[in-house]
Amino acid sequence: MKYEVVIGLEVHAQLATNTKIFCGCSTRFGSEPNTQVCPVCLGLPGSLPVLNNQVVEFAIKMGLATDSQITRLNKFARKNYFYPDLPKGYQISQFEEPICEHGYVDIHVDDQHKRIGITRIHMEEDAGKSVHDEGYVNKDETLIDLNRCGVPLIEIVSEPDIRSAKEAAAYLTKIRQLVRYLGICDGNMEEGSLRCDANISLRPFGQKEFGTKTELKNMNSIRNVERAIEYEIKRQTYILEDGEKVIQETLLWDPVKNEARPMRSKEESHDYRYFPDPDLVPVKISQEWLDNIHNALPELPDVKSKRFTEEYSLPEYDAEVLTASRDIADYFETTAKSVKNSKLVSNWVMGEVMRLLNQQKTEIDHIGISPARLSDLLNAIDQNVISGSAAKTVFEKLAESDLSVAEIIEQKGLKQVSDSGALDSWIDQVIAENRPQVERYKNGETKLLGFFVGSIMKASKGKADPKLTNELLRKKLSEL
Amino acid sequence: MSARKTVEHIKNREISATDHLKTCLKNLEQTKHLNAFIRVFEEKALDQAANLDRRIQKGEATGPLAGLVVAVKDNINIAGELTSCGSKILNPFKSPYNATVIDKLESADAIIVGKTNLDEFAMGSSNESSAFGPVKNPHNENRVPGGSSGGSAVAVATGSADVALGSDTGGSIRQPAALTATVGIKPSYGRVSRYGLVAYASSLDQIGTFGKKTDDAAFLLQQIAGYDNLDSTSADIAVPDYNVSLENVKGLKIGVPKEYFAKGLDNEIKSGVLSIVEKLKTDGAEITELEMSSTEYAIAMYYIIATAEASSNLARFDGVRYGLRKGDEDGLIEMYGQTRSEGFGDEVRRRIILGTYVLSAGYYDAYYKKAQQVRRILKNDFDKAFSACDVIVSPTTPATAFKIGEMVDDPLAMYLSDIYTVSANLAGICGISLPAGIHSDGLPFGIQFQAKAFNESILFKLGNYIENNL
C-alpha cells in the first residue's frame with residue numbers, strides 16, 4: 001500500500017468507584033432505570049457538585065502506570081451542549097490542564113515492541129442514556145435513564161502513533177490490562193465501561209502533514225475496533241486512489257452489517273464553550289498524597305512479565321500470557337511458590353486452568369481449584385505419584401468436589417504403581433496376549449514398543465509408572 | 001421590636017408565635033397589591049406556629065429563631081414546594097429537597113411565611129422582569145422596589161415578615177434594601193452555602209439577609225452562615241458572634257473611593273452619604289481618600305462573567321425533565337427552541353445570548369478571559385484598599401427608585417443602578433446597605449459599607465452604631 005495509516009484512540013474508562021463523581025449515588029450497573037439518582041446527578045436547580053476524591057486517586061494511578069506527568073492543581077471545566085441525556089446542559093470535564101499528560105504505553109505486535117504516546121488523561125462525568133429499544137418504550141418515543149449520569153470517567157487520549165488496526169487492538173488491550181491491574185475499571189467493553197473512539201487518517205508515505213481524519217464511534221469490543229479500523233482504512237484508501245478527498249466526519253460502526261455510517265452532521269457541529277466550572281474549587285495534589293498513591297501501586301504487567309522470565313525461568317511467551325491478567329498472574333505465582341517445576345505450573349495454568357475458565361466463563365477465584373490444591377496435584381506429577389494422564393482426571397474431579405488431591409487419587413485408585421512385581425504381571429499378560437506383535441518387534445519393528453506400553457497402561461488403568469514400565473518392558477523383550 | 005427581642009418574647013410567652021405570625025399575615029394581606037409574594041404558606045405557617053406555642057408551653061427547648069417570621073426569595077428551594085425563580089419555565093417545578101439555608105431555618109424553628117417575588121432568575125434591578133408581575137415600592141407604588149430581591153425587601157419593609165432571605169449577585173440585596181429603607185447584607189462569597197439556591201452566576205451568587213435594622217439582618221445571618229459539605233465553595237471558617245456593638249468609632253478607618261462619588265451620582269444622595277461620613281469623622285473615625293481605578297470596569301466585567309455563567313447555569317431548563325415543554329411534536333431541536341423562547345423572558349434571553357457569545361470560540365479570550373484577568377486586578381485593588389482602611393463607604397445606588405416601566409427599554413441605563421454594588425461580588429467581599437435618608441422626591445436612599453472577606457462583624461458593628469448614635 002502506498003499510504004501510511006495514522007490512528008489516535010480516545011478511550012473512556014468508567015471508574016470502579018462505589019459512588020459517583022460529584023454525589024453519593026451508587027455507580028452499580030444494571031439497576032432499574034432512574035433509581036440511582038439524586039438532586040445533584042439529576043442536575044436539579046440549585047444542586048451543586050462535590051468532588052469524590054477517589055476519582056482523583058484512580059486517575060493518578062492510571063497516570064503513574066503510563067509514566068505521565070501529574071498536574072498538581074486540577075481544575076474542572078464545563079463542556080456545554082444540549083442533549084436529553086445531559087441534565088445540566090453541560091458535562092463537567094477537564095479542559096486546559098488535564099490531570100495527566102505526556103505518558104506512554106509499550107505494545108508488542110508481530111514480535112515488534114513499540115511505544116505509543118499518551119497525550120492526556122482527564123477526569124469527567126458520564127452522561128445518562130437514551131432508551132429506545134426496551135419493550136417498555138413506545139414507538140417514536142425516547143426515554144431517559146439517568147443512572148449512569150455522574151459515573152466517573154477518565155478519558156485517555158493517545159498520540160497519533162498507531163499505524164495499523166492490529167496496533168490499535170494491542171494498544172487497547174494494553175489499556176484494558178492496565179485499568180484492570182490497577183483495579184480502577186472493570187474493562188468491560190460490552191457493558192460500556194470501556195469505550196473507544198478512533199481517529200483515522202491516511203497520508204502518502206514520507207509526507208509530514210496529516211491527511212483528513214474521520215472519527216469512528218460505537219465499537220463495543222476490541223475485535224470490533226480492529227474490524228472497524230480495517231474497514232475505514234480500506235474505505236479511505238479507495239477514496240484516495242480514486243483521486244477523491246476524504247471528508248472529515250464522524251462515523252458510527254454497525255457491528256451487524258460490518259460497516260461504518262456517517263452521523264448526521266448537525267450532531268457534531270459543536271462549539272462547547274468550555275470555561276472553568278465555578279461550582280468546584282481547584283484540587284491540589286500534595287506530594288504526600290501522590291507518594292501514598294505511588295507506594296500503593298501494584299506491580300504492573302510489563303515489570304511482572306519480565307520478573308516471571310527471570311524468577312521462574314519462563315519463556316517470554318509464557319510470561320506474557322500469564323501476566324495478561326493480574327488474577328491469573330497471582331494464581332500462577334501462588335501455585336509456583338510450592339512447586340519446584342515452574343514450567344510445569346505454567347503449562348497447567350495456560351492449559352487446563354484456562355480451558356476450565358473458558359468453559360465455565362468465570363473468574364479464576366471461582367473455578368473451585370485453589371492454588372494450594374493445584375500445587376498438590378502438580379507435586380504429585382512431579383514426584384511420580386501419578387501420571388500426567390491420571391492428573392487430568394484428578395483435575396476434573398477437583399473442579400467439581402471439595403476432595404483433596406490425595407483423597408481423589410486414593411478414591412479413584414490412580415496412584416502410580418512402581419512395584420516391579422505388579423508391573424511384571426501386567427507386562428507378562430500383555431506379552432502373552434500379543435505374540436504376533438512380539439515376533440514383529442523381535443524382527444526389528446522397534447516402534448511397537450509404544451503399543452506395548454499403551455497396552456500395559458490400559459491393563460493397569462493408567463496406574464503403571466510409565467518410566468519404570470518402559471525399563472522393565474525393554475529388559476523383558478530383550479530377554480525373550 | 002427587633003428580631004432578637006421578638007424571639008425572646010415568644011420564648012418567654014410574652015407573645016405567642018401564633019399571634020405574632022397573625023400580625024405579619026395581616027400586614028401581608030393589607031399590602032398584597034404590592035405583589036411582594038409569589039406564594040404564601042398561611043396554613044402551614046399557622047400550624048407550625050401553633051405547634052411551636054405548644055412546645056413552648058410544655059417547656060420544651062426551642063431553636064434560636066423560634067417564631068421568627070421569615071420570607072424566602074423564590075429562587076431558594078424548599079422541599080415539597082414550588083420554586084419559580086420568577087419565571088414561566090419552571091412551572092411547575094416542585095423541589096424534592098431543601099436548600100441548606102432552609103434546613104437551618106427549620107431546625108432553628110423559624111416560620112417561613114412565603115416565597116417572595118424577584119426578577120426572573122434574579123436578573124434585574126427593578127423586579128419588573130418577573131413572570132409574576134412587578135413588585136411595587138411601598139414608599140411610592142408607581143416606583144420599583146429595586147431588584148432582584150425586591151419581594152424580600154418589601155416583605156420586610158411592610159412588616160409581612162420580620163426578616164427575609166435574598167440573594168445578591170451584583171447588588172440584588174443591597175440595591176432593593178436602599179430603595180425600600182431596609183437593611184440588606186451581602187455576605188462574603190462562601191459565607192453561606194449556595195446549596196439549593198438556583199444559580200444565576202455561581203462565582204458571584206451569595207445568599208444574604210434583610211431586616212428592618214442591622215441587628216435583624218445579623219441575627220438571621222448568624223443562623224444560616226457556615227461551612228456546608230454540599231457546597232465546595234463554602235468557606236470552612238468559623239462564624240463569629242454577630243451580636244456585636246461598637247462603643248465608639250474612634251480610630252475606625254473609613255475609606256472613601258473618589259470613583260464612587262463621581263459623575264452620574266444624584267447630588268442629594270451624595271451629600272446625604274457624605275454627611276454621615278462627616279458625622280462619623282466628628283465621632284473620631286479616620287477618613288482616608290482612596291483611588292480604585294478598576295471600578296470603572298466593574299459593570300463591564302460583571303456583565304461578561306455573570307452572563308457567561310448564566311448561559312451555562314440556565315441550560316438545564318430545556319423542557320426535557322421538568323417545567324415547561326413546548327413544541328414537543330416538532331422534534332427535539334424545535335422543542336428546545338420553543339420551550340426556551342416561551343419560557344424565558346426578554347432579560348433572561350438577552351443575558352443567555354450575551355453569555356453564550358462571550359464564551360464562543362474566537363471570543364473567549366477577548367471577553368471572558370479578559371474579564372477574569374481584570375477581576376483579579378479589581379480584587380488586588382480591594383486588598384490594597386483594605387490594608388489602608390477597615391471599611392469602604394459609598395452610596396448604595398446612584399439614584400432613588402425609578403418609575404415602573406421607565407427603564408424597561410434601556411437595559412444599559414438599568415445596569416448602571418448596580419454600579420456601586422457589583423464590585424463586592426466580583427471581589428468576593430461583604431457589603432451592607434443601611435437606610436441613609438429620604439430624598440426630596442420622598443424616596444429613601446442607602447449608604448453602603450464594604451469590608452474585607454469574612455469581616456461581616458465590622459459592618460454590623462458600624463450599622464448598629466449608626467442606628468443608635470447618628
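Bear in mind the structure is a predicted one, so any value in this text is a computation, not a measurement.
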With respect to chain A, which residue among [options] yields the maximal number of heavy-atom pairs within a distance under 4.5 Å?
| options | value |
| --- | --- |
| R316(B), Q372(B), R321(B) | R316(B) |
| A201(B), S202(B), S193(B) | S202(B) |
| G319(B), S311(B), A315(B), P96(B) | A315(B) |

Tell me, side chain or backbone of [X] under 4.5 Å from chain A's heavy atoms, or both, or neither?
| X | result |
| --- | --- |
| F93(B) | side chain |
| F121(B) | neither |
| Y97(B) | side chain |
| N77(B) | side chain |
| A99(B) | neither |
| S95(B) | neither |
| I76(B) | neither |
| V320(B) | side chain |
| N229(B) | backbone |
| A308(B) | backbone |

If you count heavy atoms of other groups shown closer than 6.0 angstrom to [atom1] of [X], is the number above 12?
| X | atom1 | answer |
| --- | --- | --- |
| I247(A) | CD1 | no |
| Y303(B) | OH | yes |
| E329(B) | CD | yes |
| E32(A) | CD | no |
| K213(A) | NZ | no |
| Y227(B) | OH | yes |
| K75(A) | NZ | no |
| N18(A) | CG | no |

**Prompt:** With a 4.5 angstrom heavy-atom cut-off, which part of N80(A) approaches chain B: side chain, backbone, both or neither?
**Reply:** side chain
**Asked** Side chain, backbone, both or neither: which part of Y274(A) has a heavy atom under 4.5 Å from chain B?
**Response** backbone
**Asked** Is there side-chain contact between N313(B) and R78(A), with heavy atoms separated by less than 4.5 Å?
**Response** yes
**Note, K79(A) side chain near S312(B) side chain (heavy atom, < 4.5 Å)** = no
**Asked** Do the side chain of D271(A) and the main chain of S360(B) share a donor and acceptor less than 3.5 angstrom apart?
**Response** no
How long is the gap from [atom1] on [X] to [atom2] on [Y], to the nearest 0.5 Å?
| X | Y | atom1 | atom2 | value |
| --- | --- | --- | --- | --- |
| Y83(A) | L332(B) | OH | CG | 7.5 Å |
| M335(B) | F82(A) | CE | CZ | 10.5 Å |
| D279(A) | S203(B) | CG | OG | 9.5 Å |

**Asked** Which residues in residues 85-100 of chain A have a heavy atom less than 4.5 Å from any heavy atom of chain B?
**Response** L86(A), P87(A), K88(A), G89(A), Y90(A)
**Message:** Non-hydrogen contacts under 4.5 angstrom with chain B: give the residues of residues 36-59 of chain A involved, or none if there are none.
**Reply:** P39(A), V40(A), L42(A), G43(A), L44(A), P45(A), G46(A), S47(A), L48(A), P49(A), V50(A)
**Message:** With a 6.0 Å cut-off on the ring centroids, do Y364(B) and F275(A) count as close?
**Reply:** no
